[in-house]
K.L.:
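Got a structure here, written out as structure tokens. Questions coming.
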Amino acid sequence: MEGRSTAVSAAVPKRGSYTGDRERRKLMSSQDTGWQRELDRRARVYEDIEAGQRWEGTMTRIDYAAIAALTALLVAAFWIWGA
């Protein structure tokens, strides 16, 4: 039994690697081809983001400065309104 579990674990790629996930999806039934295509597309997107060092949606210094300015403006407006 011990030998079988190591053979199975050696044949199945590690979880979390994009390549391993693709190989694991090949083992799934042919009925799931639509879902497989979607998972492949998502894996490609994550690989592109990781390779290009571009993180869409991340906040820049300008965004943080705008949030700080709007917060200060809001606090001042409520302070004046409440006085």
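Values reported hereafter were calculated over all heavy atoms of this structure, with side chains retained and with hydrogens, waters and symmetry mates removed.
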K.L.:
State which residues pass side-chain hydrogen bond (donor to acceptor under 3.5 Å, both in side chains) with Thr60; sequence neighbours excluded, sorted by chain then number.
P.N.:
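Thr60 satisfies side-chain hydrogen bond (donor to acceptor under 3.5 Å, both in side chains) with Asp63 once adjacent residues are dropped.
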K.L.:
Taking only residues two or more places apart in sequence or in another chain, which ones pass salt bridge (Lys or Arg N to Asp or Glu O under 4.0 Å) with Arg41?
P.N.:
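Residues passing salt bridge (Lys or Arg N to Asp or Glu O under 4.0 Å) with Arg41: Glu38.
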K.L.:
Scan Ile67, Leu73, Leu74 and name whichever one has a side-chain contact (heavy atoms from CB on, under 4.5 Å) with Thr71.
P.N.:
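Among the candidates, only Ile67 passes.
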K.L.:
Test question: given the 4.5 Å side-chain rule for I, L, V, M, F, W and Y, name all other residues clustered with Ile80, or answer none.
P.N.:
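Same cluster as Ile80: Trp79.
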K.L.:
Please identify each residue that fulfils side-chain contact (heavy atoms from CB on, under 4.5 Å) with Tyr64, with sequence neighbours left out.
P.N.:
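With neighbours one apart ignored, the set is Met59.
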K.L.:
Could you check whether atom CD1 of Ile62 has more than 12 heavy atoms from other residues, nucleotides or ligands sitting under 6.0 Å from it?
P.N.:
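Atom CD1 in Ile62 is not crowded, with 12 or fewer foreign heavy atoms closer than 6.0 Å.
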